[in-house]
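Chain letters run A, B, ... following the sequence lines, proteins first and then strands; every chain starts at 1.
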There are 2 protein chains.
Amino acid sequence: MVAVRARPIVLEPLAAAEPCAHCDARSYSVCNAIEIKDLERLAAMAVSISVEPGRSFIVEGDPAEHFFNVTAGTAKLFKLLPDGRRQITGFAGTGHFLGLAVSSVYAFGAEAVDPMRVCRFSRPKLRAMLDDFPAMETRLLEVASNELVAAQEQMLLLGRKTARERLASFLIARASIPTHCVAQAPGMARTVTLPMTRGDIADYLGLTIETVSRTLTRLKADGLIEIPSNGAIVLRDRAALESVAGGLD
Amino acid sequence: MVAVRARPIVLEPLAAAEPCAHCDARSYSVCNAIEIKDLERLAAMAVSISVEPGRSFIVEGDPAEHFFNVTAGTAKLFKLLPDGRRQITGFAGTGHFLGLAVSSVYAFGAEAVDPMRVCRFSRPKLRAMLDDFPAMETRLLEVASNELVAAQEQMLLLGRKTARERLASFLIARASIPTHCVAQAPGMARTVTLPMTRGDIADYLGLTIETVSRTLTRLKADGLIEIPSNGAIVLRDRAALESVAGGLD
DNA sequence: CTGCTGCCTTGACGCAGATCAAGAGCGGGG
DNA sequence: CCCCGCTCTTGATCTGCGTCAAGGCAGCAG
């Protein structure tokens with residue numbers, strides 16, 4: 001196992017509309033602003049890439065030449081301090097759009113958490129596409145607005161919540177991601193799958209690995225969750241978790 | 001002095017293009033995507049409002065009926081937990097656009113820090129305007145992208161930086177706001193004015209008032225800053241501050 | 001002038017979470 | 001099968017920042 005940090009391998013350019021029309025991610029993503037008849041043009045500019053776990057496909061500070069669209073798997077997005085401290089600013093799952101930045105360089109890095117597939121677009125080409133299809137730009141603004149709201153929520157978490165509240169908030173938020181939970185009834189999802197490590201969770205919540213581990217153990221002892229395996233957590237008392245996440249009791 | 005929390009008073013609807021064409025904020029703001037000949041239409045839908053210090057003009061959870069554009073003064077944007085813990089997610093100065101949210105309710109509150117003027121737009125009207133002028137939507141996406149980058153930077157600060165690093169970062173960031181510093185040469189601004197209280201700074205940086213006060217005192221003792229008055233700080237050693245802000249030494 | 005009211009500073013002390021350290025579980029390779 | 005490497009858990013101790021408490025100081029009203 002050598003040179004894992006090398007650039008990901010380009011697999012196939014998408015020649016026809018086919019791949020976009022049948023893409024799993026389309027219904028979640030910005031692409032759904034494009035009508036089927038125009039999908040061919042979108043497909044022509046996209047390049048499908050697979051990224052293996054641990055490999056990074058966006059490097060903070062590199063020239064921002066591409067946009068990405070996640071079609072499978074999960075990425076962690078992060079910023080680093082020179083001494084190695086890391087803050088994960090978000091996890092990008094299926095349908096997530098990456099690379100929004102006016103600047104000429106990426107403001108964050110991105111690395112695959114599990115086996116991923118992404119669609120890659122060149123910035124100038126996507127810009128041209130946006131000029132031709134204002135609906136897509138509207139959709140993009142919508143996405144950006146939602147992320148802004150999520151970012152504000154995360155600032156509240158990082159600035160003002162306790163470790164216990166952070167973990168509860170994290171689990172509740174994860175439970176509402178369709179891809180990553182086994183839904184019983186709407187809003188009643190019980191089992192949350194966590195593709196990322198404890199270290200990733202710690203860096204996302206502004207804590208250490210040890211505190212994450214201890215806090216999960218305590219939530220389990222309190223009967224709020226079960227931990228069947230490292231990659232899964234069962235929400236036993238969702239109402240109580242929500243109340244903890246909101247800063248009550 | 002009673003009922004300070006009441007709704008702000010509407011002053012004058014803007015009848016002609018005049019006020020927009022001569023607006024101090026136009027060059028900073030999204031409005032500069034609109035050509036002069038179309039400004040009249042923009043002016044027709046705007047309502048100019050003045051907000052006195054301490055008065056809130058956006059309430060978290062209220063129906064999101066309006067967008068705002070700051071034309072003078074500074075607002076603090078914040079989220080609250082039920083027990084009163086507060087996280088200020090940003091300060092909005094002249095030219096800042098507020099209210100981006102797909103949701104039907106505001107995701108944050110906004111309160112004037114100093115005497116403010118804002119332009120208010122109804123959401124449906126602005127939506128119609130955006131459909132007619134895609135350039136404005138493009139500009140808005142640009143603004144949203146920049147805020148997203150700033151939000152990620154703030155997450156790094158809140159999740160991973162020490163109190164000293166947070167204050168240094170805050171002062172450096174403030175120094176690059178044209179309205180709030182006395183610029184000597186480009187990038188060489190020395191005096192930063194701080195319209196907000198220590199409590200506001202604390203809630204912005206995820207600290208307490210006491211820690212903000214102590215940390216500023218220590219930065220002063222170390223010769224990095226001077227504190228001529230409560231509302232102003234002189235950056236004596238900008239390079240050293242930048243290095244502290246970046247997590248070095 | 002005096003007293004009041006906010007805001008800020010400073011000091012003493014406590015605690016949530018970080019750090020340091022030692023296993024425990026577990027999957028993969030030989 | 002055992003060994004190795006990795007992640008996770010758990011315990012002991014430390015510490016940066018929060019909490020509690022006591023003034024200082026400037027602006028304003030009377």
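Closest to the side chain of A:N230, from the set D:dG18, D:dT10, D:dT9, is D:dT9. The side chain of A:T217 has D:dT9 as its nearest neighbour among C:dG11, D:dT9, C:dT19. Taking only side-chain atoms of B:R198, from C-beta outward, the nucleotide of C:dT9, C:dT19, D:dT9 with the closest atom is C:dT9. Comparing D:dC17, D:dT19, C:dT19 against the side chain of B:A163 picks out D:dC17 as the nearest.
Using a cutoff of 4.0 Å between basic side-chain nitrogens and carboxylate oxygens, B:R164 and B:D222 are scored as salt-bridged. Using a cut-off of 4.0 Å between Lys/Arg side-chain N and Asp/Glu carboxylate O, B:R86 and B:E111 are scored as not salt-bridged.
Here B:T211 reaches the OP1 or OP2 of D:dG18: one of its side-chain N or O atoms lies under 4.0 Å away. OP1 or OP2 of D:dG16 has not a single side-chain nitrogen or oxygen of B:T162 nearer than 4.0 Å. Applying the 4.0 Å criterion to OP1 and OP2 of C:dT10, one finds that B:S213 has every side-chain N and O outside that range.
Between the CG atom of A:D200 and the C1' atom of D:dT7 there is a distance of 12 Å, rounded to whole Å.
Side-chain atoms of A:R214 come within donor-acceptor range of the base of D:dG11, with a qualifying N/O pair under 3.5 Å. The base of D:dC20 sits with one of its N or O atoms less than 3.5 Å from a complementary donor or acceptor on the side chain of B:E210. Taking 3.5 Å as the limit, the base of D:dT9 and the side chain of A:R218 contain no donor-acceptor pair of atoms between them.
Remark: the backbone N or O of A:L158 is paired with a side-chain donor or acceptor of A:R166 at under 3.5 angstrom. A donor-acceptor pair under 3.5 Å links the side-chain atoms of B:R198 to the main chain of B:N230, judged by distance alone. Side-chain atoms of A:K76 do not come within 3.5 Å of backbone N or O of A:V113 as any donor-acceptor pair.
Both A:R160 and A:M196 lie close to DNA chain D; mapped to their nearest nucleotides by heavy-atom distance, the more 5′-ward contact belongs to A:M196.
Nucleic acid contact class of A:T197 (heavy atoms, under 4.0 Å, all strands): sugar-phosphate only. Counting any heavy atom pair closer than 4.0 Å across all strands shown, A:L207 reaches sugar-phosphate atoms only and no base atom. B:G231 comes within 4.0 angstrom of nothing in the nucleic acid, heavy atoms only.
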